[in-house]
Enquirer: 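Take a look at the following structure, please.
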Amino acid sequence: MITTRFAPSPTGYLHIGGLRTALFSWLWARKNGGEFLLRIEDTDQARNSEDAVKAIIKAFNWTGMSYDGEAIYQSKRFDVYKKYIDRLLEEGKAYKCYMSKEELGELREKQMANKERARYDGRYRDFDGTPPEGVEPVIRIKAPLDGMITFDDGVKGEINIASSEVDDFVIARAGGVPTYNFVVAIDDYEMGLTDVIRGDDHLYNTPKQIVVYNALGFDIPKFYHVAMINNEKGKKLSKRDGATDVMEYQTLGFLPEALLNFLVRLGWSHGDQEIFTIDEMLKLFDPKNINKSSSNYDFKKLEWLNSHYIKNMAHDKLALLLKNYGVDITQNSNIDLILNATKERAKTLVELANQINIILNTPERYDAKASKKAFKGEAKDIISEFGELLKTTDTTEYHKLMEDFLAEKEIGFGKLGQPLRVALLGSMTGSGLDEIISIIGVEKAVIRIENAVEFIENSNKENS
RNA sequence: GGCCCCUUCGUCUAGUGGUUAGGAUCCAUGGUUUUCAUCCAUGUUACAGGAGUUCAAGUCUCCUAGGGGUCACCA
């Protein structure tokens with residue numbers, strides 16, 4: 001039985017890096033038929049917020065990942081932590097420290113000045129005198145004084161850290177509120193975690209948590225520390241790098257399956273395979289194939305993946321999603337025609353919605369460059385004549401209609417194609433002309449042509 | 001600064017002593033397409049550097065350099 005968790009602290013939105021470790025954890029649990037739990041790390045009453053919790057869970061739901069049971073809030077478990085703190089105190093494995101913050105600050109400064117590692121000096125570790133007046137003590141745990149703290153990391157291999165690197169850290173603040181490393185160890189134990197997959201930045205928390213595990217006689221879970229995700233320049237991802245908030249990807253028109261596919265391949269691989277459906281991820285994911293090194297974020301590759309998923313998505317599903325981007329074609333009888341004409345040139349749902357709008361709506365203006373180039377010479381007469389033909393024809397084979405029209409006049413496709421495209425779409429690029437006519441119908445196509453003819457006549461007048 | 005981790009095409013990666021170092025993306029070129037896109041084909045580009053072990057090293061060892069993480073009564 002594998003049990004994993006995702007344990008965000010609600011200080012902001014769900015970050016793309018957090019989503020990846022969540023994905024890894026989720027995959028590993030689900031693959032093994034185990035449990036995936038969600039824990040909200042909100043022991044810092046000053047920083048966490050209700051809204052952040054909601055935002056994180058919303059983003060999480062968007063991705064389609066599911067957690068088992070109810071989310072666990074650390075802020076509601078202080079009595080549990082207190083019980084363990086009392087026990088450690090009773091067993092002499094933790095102690096009260098009366099050092100003031102000022103004294104601690106001085107000590108740290110002195111150590112830094114001597115180019116030493118800043119660490120608590122253990123002065124109250126075996127204190128049995130009379131405590132100083134007016135100082136509310138913190139509680140510190142007794143960390144080992146010598147030897148090594150060793151663990152076998154599932155990603156990095158064996159990690160050895162000298163005990164001298166771990167001081168008697170605070171497990172309960174003055175006032176009794178427990179601290180992060182303590183509650184994480186308690187909860188990971190109580191929630192029955194077997195595998196802890198988390199970011200690299202927690203590597204140094206691990207020996208501290210092991211100190212807690214050992215003091216309480218808990219079994220130590222398997223740890224996996226996944227290297228960070230950097231921006232395209234190889235530097236730490238920051239808000240300035242654009243989309244770091246998972247929900248921003250929805251706004252930008254990305255599909256969750258594309259984002260997940262992108263993320264799963266960042267730091268993990270299965271041979272040469274690039275495209276992974278959720279089912280394939282579930283079948284193939286194994287943390288032993290997680291990379292040791294950090295990886296850079298590549299927006300172009302995400303776009304490629306996204307266009308892949310757009311192209312391969314069922315049309316009714318795509319139409320439903322498109323409603324969030326200002327286009328509703330769910331009731332349109334030409335839904336297949338519309339999507340086949342547009343989906344191959346869209347990298348995002350935003351672009352797709354755009355393409356569709358361009359076809360569905362009569363152009364309000366013509367792209368300046370395009371009209372200048374396409375609406376010159378005989379263009380007006382040609383499209384005008386073609387418009388007349390369109391009115392009278394009863395064929396729906398518009399491509400053939402155009403070809404025959406051109407053959408009779410002995411002119412090339414471009415002579416009709418370019419001005420017709422600008423007349424129909426307002427620009428020089430886009431879907432096939434026959435597809436467009438099929439979608440909007442002859443009537444609307446003729447109107448657009450007539451509009452264009454009028455536009456050309458007017459601009460000719462102005463110029464003369 | 002101490003400690004720890006990392007280092008294969010621009011980017012994501014394959015590779016577990018013997019490969020013309022593979023794939024994907026990006027970029028470029030050509031083809032298909034009335035255009036754009038798609039699609040197809042082709043091409044450019046990589047083992048951070050240096051010693052050592054070995055018949056043989058991207059793969060093992062050591063050193064150097066570069067990058068990152070971390071050193072709270074934050075999480």
Enquirer: Ignoring the backbone of A/Leu203, work out which of B/C73, B/C5, B/U34 is nearest its side chain.
Expert: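 Selected nucleotide (nearest to the side chain): B/C5.
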
Enquirer: Using the P atom in both, what is the distance from B/C71 to B/G18, to the nearest Å?
Expert: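 Those two atoms are separated by 42 Å.
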
Enquirer: With a 4.0 Å cut-off on heavy atoms, is A/Val138 in touch with a base, just the backbone sugar-phosphate, or nothing at all?
Expert: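 Base contact.
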
Enquirer: Between A/Asn160 and A/Glu158, do the side chains contain a donor N or O and an acceptor N or O under 3.5 Å apart?
Expert: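 Judged by distance alone, the side chains do pair up.
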
Enquirer: Considering residues at least two apart in sequence or located in another chain, which fulfil the ring-ring contact (aromatic ring centres under 6.0 Å, His included) criterion with A/Tyr84?
Expert: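 Testing A/Tyr84 for ring-ring contact (aromatic ring centres under 6.0 Å, His included), a comparison that skips the adjacent residues, returns A/Phe218.
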
Enquirer: Considering only the P atoms, how many Å lie between B/U38 and B/U29, rounded to the nearest integer?
Expert: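 About 14 Å, rounded to a whole number of Å.
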
Enquirer: Quick one: which of B/U38, B/U34, B/A75 gets closest to the side chain of A/His399?
Expert: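 Minimum distance to the A/His399 side chain belongs to B/U34.
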
Enquirer: Distance between the C1' atoms of B/A48 and B/G68, in whole angstroms?
Expert: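 It comes out at 15 Å once rounded to the nearest Å.
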
Enquirer: Can you identify which nucleotide, out of B/C5, B/G67, B/G23, has its nearest atom closest to the A/Lys235 side chain?
Expert: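 Selected nucleotide: B/G67.
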
Enquirer: Counting only side-chain N and O atoms of A/Ser295, is one of them less than 4.0 Å from OP1 or OP2 of B/U13?
Expert: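 Yes, such a contact exists.
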
Enquirer: Taking all non-hydrogen atoms of both residues into account, name the closest pair between A/Ala374 and A/Val422 and its distance.
Expert: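 Residues A/Ala374 and A/Val422, closest heavy atoms: CB-CG2, 3.6 Å.
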
Enquirer: Which part of the nucleic acid does A/Lys311 contact within heavy-atom distance under 4.0 Å: base, sugar-phosphate only, or nothing?
Expert: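 Sugar-phosphate only.
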
Enquirer: Taking the P atom in each of B/G17 and B/G69, what is the distance between them to the nearest angstrom?
Expert: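 33 Å, rounded to whole Å.
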
Enquirer: To the side chain of A/Ser293, which of B/U7, B/A14, B/C12 is closest?
Expert: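 Side chain of A/Ser293 sits closest to B/U7.
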
Enquirer: Looking at B/C36, B/C12, B/C73, which one has an atom nearest to any side-chain atom of A/Arg140?
Expert: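 Nucleotide nearest to A/Arg140's side chain: B/C73.
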
Enquirer: I'd like the P distance from B/A24 over to B/G49, given in whole Å.
Expert: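 Per the computed distance, 26 Å lies between those P atoms.
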
Enquirer: Would you call the rings of A/His308 and A/Trp304 parallel, tilted or perpendicular, where under 30° means parallel and over 60° means perpendicular?
Expert: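 Rings of A/His308 and A/Trp304: tilted, as their planes differ by 30° to 60°.
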
Enquirer: Take atom P in B/A46 and the same atom in B/G23, then report the distance between them in whole Å.
Expert: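 Result for the P pair: 15 Å, nearest Å.
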
Enquirer: Where the side chain of A/Tyr204 is concerned, which of B/C3, B/A75, B/U34 is the nearest nucleotide?
Expert: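 Nearest to the side-chain atoms of A/Tyr204, counting from C-beta on, is B/C3.
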
Enquirer: Could you check if a side-chain atom of A/His270 sits within less than 4.5 angstrom of a side-chain atom of A/Arg265, using non-hydrogen atoms only?
Expert: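 The answer is no; the side chains never approach within 4.5 Å.
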
Enquirer: On the nucleotide B/U13, are OP1 or OP2 found under 4.0 Å from the side-chain N or O atoms that A/Asn296 carries?
Expert: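 Result: no.
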
Enquirer: Can you tell me the distance, in whole Å, between the CG atom of A/Asn181 and the C1' atom of B/C73?
Expert: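 Rounded to whole Å, this separation is 13 Å.
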
Enquirer: Suppose you measure atom C1' in B/A56 against the same atom in B/C5; what distance do you get, rounded to whole Å?
Expert: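 The same atom, C1', in both gives a distance of 31 Å.
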
Enquirer: Taking the side chain of A/Lys156 as heavy atoms from C-beta outward, which of B/A37, B/U34, B/C5 is closest to it?
Expert: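 Nearest to the side chain of A/Lys156 among the choices is B/C5.
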
Enquirer: Say we look at B/G30 and B/U44: how far apart would their C1' atoms be, to the nearest angstrom?
Expert: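 Each nucleotide's C1' atom is 15 Å from the other's.
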
